[in-house]
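Every number for a ligand or one of its atoms is a count from 1 in the order of the listing. Everything quoted here is computed from the prediction, not taken from an experiment.
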Amino acid sequence: MFTGIEVDILADGTLDLADEVLAQLDVVIASVHTRLEQSREEMTARVLRALENPYVRILGHPTGRLLLRREPVALDMSAVLRRAAELGVAVEHNAAPERLDLNDRDLRLAKEMGGRMVISSDSHDARNLGRMQFGVTQLRRAWLGAEDVLNTRDAEGFLAGLRARA
Ligand SMILES: [Zn+2]
């Protein structure tokens, strides 16, 4: 059993929990949930700053898009995926059918940059677990396989594939 949390990336790229708290957790996922209207320059700097926090091990739903409802945030995805790959921060592929975030092209780009990925059903209820199939289909569409996705491994393999704990 792992302890983990999804923390907000605040408007300036800092996180909404103190490092002393994050240090106690096995897995920290950082995601943007607010101030989605920022310019491409601001949003890119914001996400890049969050990646530099040594406790962040996964970047959640990188574009924040909600299909038919909300456009993806403006983001230099190449810069973000490149830096995530350099730091060993995994990128979440969110399988909720209204998100499918990242899209197939950016998933492919993440792989080409040597990035690591995890898949999540974004379940807030056990009835949502079946949504994983939509994410698996999206990953296949990007020509990715189980070997590209850290949480297809056993527990030790999963943790070993994440950025080393700070
Ligand atoms: Zn989230």
Side-chain angles (χ1 to χ4, degrees), residues 1-19 21-40 42-77 79-81 83-85 87-107 109-110 115-139 142 144 149-152 158-159 161-163:
M1 186 81 81
F2 296 133
T3 56
I5 196 165
E6 182 183 19
V7 292
D8 283 335
I9 301 174
L10 301 176
D12 65 354
T14 58
L15 305 177
D16 70 340
L17 281 177
D19 283 356
V21 177
L22 302 181
Q24 299 171 38
L25 302 166
D26 296 310
V27 180
V28 174
I29 305 167
S31 319
V32 168
H33 295 103
T34 55
R35 295 287 306 278
L36 303 176
E37 74 292 351
Q38 283 181 327
S39 71
R40 189 169 193 265
E42 287 173 317
M43 185 61 79
T44 301
R46 172 184 184 181
V47 174
L48 289 175
R49 182 172 181 193
L51 293 179
E52 299 299 327
N53 180 300
Y55 299 101
V56 171
R57 304 183 89 184
I58 299 173
L59 174 65
H61 48 73
T63 78
R65 73 173 181 173
L66 292 175
L67 293 168
L68 305 177
R69 280 169 44 207
R70 190 168 75 203
E71 290 299 312
V73 297
L75 190 63
D76 182 344
M77 188 58 75
V80 168
L81 293 177
R83 191 63 186 140
L87 293 168
V89 175
V91 174
E92 178 202 30
H93 175 56
N94 190 301
E98 68 275 22
R99 288 189 181 269
L100 293 177
D101 187 359
L102 296 168
N103 68 31
D104 52 346
R105 295 180 307 279
D106 289 337
L107 283 169
L109 185 62
R116 303 161 188 198
M117 269 149 281
V118 297
I119 185 170
S120 138
S121 62
D122 201 353
S123 290
H124 293 66
D125 183 309
R127 287 172 298 187
N128 293 149
L129 290 169
R131 307 194 297 194
M132 199 69 95
Q133 64 176 300
F134 301 114
V136 170
T137 301
Q138 179 92 329
L139 287 159
L144 305 191
V149 182
L150 296 179
N151 56 335
T152 63
F158 169 65
L159 277 191
L162 295 175
R163 177 192 216 167

Residues in side-chain contact (heavy atoms from CB on, under 4.5 Å) contact with Pro97, at least two apart in sequence or another chain | Arg131, Phe134

Residue and atom names of protein N/O/S atoms that fall under 2.8 Å from the Zn ion (ligand 1) = Glu6 OE2, His33 NE2, His61 NE2

Any pair with a residue in residues 25-36 that passes salt bridge (Lys or Arg N to Asp or Glu O under 4.0 Å), sequence neighbours left out, goes on the list, sorted by first then second residue, please.
-> Asp26-Arg165, Arg35-Glu37

Taking atom CZ of Arg70 as the centre, report whether more than 12 heavy atoms of other residues, nucleotides or ligands fall under 6.0 Å from it.
-> yes

Does any donor atom in the side chain of Thr63 or Asp101 lie under 3.5 Å from an acceptor atom in the other side chain?
-> yes

State which residues pass side-chain contact (heavy atoms from CB on, under 4.5 Å) with Ala30; sequence neighbours excluded, sorted by chain then number.
-> Val7, Ile9, Leu15, Val56

His33 and His61 aromatic ring geometry - parallel, tilted or perpendicular at 30°/60° bounds | perpendicular

